[in-house]
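The chain is numbered in sequence order, starting from 1. From a predicted model like this one, the values you see are computed outputs, not experimental measurements.
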Amino acid sequence: MTTPGPGELDGLGALVRAVPDYPTPGVTFRDITPLLADGPAFNGAVASLADLVAHHGPVDTVTGMEARGFVLGAALAVRLGVGFVPLRKAGKLPPPVESVTYDLEYGTATLEVRTGTVTPGSRVLIVDDVLATGGTAAAAVRLVEACGGDVVGAAFLLELDGLGGRDALSGLVVDSLLTAGS
């Protein structure tokens with residue numbers, strides 16, 4: 001499948017629901033559940049992401065952040081014919097794990113990966129649903145690199161303009177299927 005034209009992407013974007021003042025006042029949450037629930041749209045989004053990231057060359061592994069990054073990342077890994085490695089919240093994996101702690105607007109968070117699941121020297125693509133400030137994605141890059149993986153790029157279903165996500169991933173090729181105002 002080739003990457004859809006602008007009209008087709010608008011159809012995908014129409015399935016992403018904006019939820020104002022969630023989870024806190026002033027934040028607009030982007031709910032991708034309607035897109036995931038629509039089989040043809042979900043299939044089209046994954047196929048389009050696969051086309052979008054083809055310029056990275058072959059990848060060995062796709063990683064995705066908990067939880068929606070699992071859904072998109074695993075589907076994309078299947079499409080690319082490679083393995084998938086979940087990056088989990090702290091305490092969700094049995095030891096041994098590698099971890100990285102990072103700052104959020106409201107505190108700190110930790111990402112973990114099972115030791116040995118990112119092979120040193122492997123070409124890794126990081127995938128998540130939404131790129132906003134880029135903090136979680138930047139932590140994912142640090143975690144994969146700490147495990148010896150070579151991060152070839154990051155791909156997102158939706159990028160929110162004006163929140164600095166790309167800046168947080170400077171030096172990394174970032175691909176986003178859809179964009180929206182923050």
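Asp129 places none of its side-chain heavy atoms less than 4.5 Å from the side chain of Phe70. With a 4.5 Å cut-off on side-chain heavy atoms, Val173 and His55 count as touching.
Between the CG atom of Leu177 and the CG atom of Leu35 there is a distance of 9.0 Å, given to the nearest 0.5 Å. Considering CG of Leu49 and CG of Leu178, their distance stands at 8.5 Å, rounded to 0.5 Å. Leu158 contributes atom CG, which lies 11.0 Å from atom CG of Leu12 (distance to the nearest 0.5 angstrom). In this structure, Ile126 CD1 and Phe156 CZ are separated by 7.5 Å, a value rounded to the nearest 0.5 Å.
The nearest pair of heavy atoms linking Thr136 to Met65 is CG2-CG, 3.8 Å. In terms of heavy atoms, Ala41 sits closest to Leu15 at CB-CD1, 3.4 Å. Looking at every heavy atom in both residues, Val59 comes nearest to Leu80 through CG2-CD1, 4.0 Å. Heavy-atom minimum distance, Thr63 versus Phe84: C-CE1, 3.8 Å. When all heavy atoms are compared, the tightest approach of Asp60 to Val82 is O-CB, 3.4 Å. Nearest heavy atom pair, residue Arg166 against residue Leu131, reads N-CD2, 4.0 Å.
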For this session: Output, in order, the C-alpha distance, side-chain angles, deciding distance and verdict of side chain to side chain donor-acceptor pair (under 3.5 Å) for Thr179 and Glu159.
Result: CA-CA 5 Å; Thr179 58; Glu159 180 176 349; over 6 Å; no

Problem set entry | Stepwise side-chain contact (heavy atoms from CB on, under 4.5 Å) check, Phe29 with Thr24 | CA-CA 9 Å; Phe29 181 80; Thr24 60; over 6 Å; no

For this session: Evaluate the criterion side-chain contact (heavy atoms from CB on, under 4.5 Å) for residue pair Ile32 and Val71; output intermediate values, then yes/no.
Result: CA-CA 11 Å; Ile32 68 165; Val71 176; over 6 Å; no

For this session: Run the numbers on Thr33 and Arg68 for side-chain contact (heavy atoms from CB on, under 4.5 Å), then give the verdict.
Result: CA-CA 9 Å; Thr33 305; Arg68 292 170 303 276; 5.8 Å; no

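The neighbour count for Tyr22 OH, taken as heavy atoms of other residues, nucleotides or ligands under 6.0 Å away, does not exceed 12.
The existence of a salt bridge linking Arg88 and Glu112 is excluded, since no basic side-chain nitrogen approaches an acidic carboxylate oxygen closer than 4.0 Å.
Side chain of Thr110 to backbone of Ala90: no donor-acceptor contact under 3.5 angstrom is found. Side-chain atoms of Arg123 never come within 3.5 Å of backbone atoms of Val152 as a donor-acceptor pair (strictly under, hydrogens ignored).
Arg142 is linked by a side-chain contact (heavy atoms from CB on, under 4.5 Å) to Val100, Tyr102, Ala139, counting only residues two or more places apart in sequence or in another chain. Every residue two or more places apart in sequence or in another chain was checked for a side-chain contact (heavy atoms from CB on, under 4.5 Å) with Ala54, and none qualifies.
Considering Val97, Leu111, Val118 in turn, Leu111 is the only one that fulfils the side chain to side chain contact (heavy atoms under 4.5 Å, CB included) rule with Leu143. Between Leu125 and the choices Leu76, Thr61, Asp175, the side chain to side chain contact (heavy atoms under 4.5 Å, CB included) rule is met once, by Leu76.
No continuous path of ILVMFWY side-chain contacts below 4.5 Å connects Leu87 to Leu93, so the two sit in separate hydrophobic clusters.
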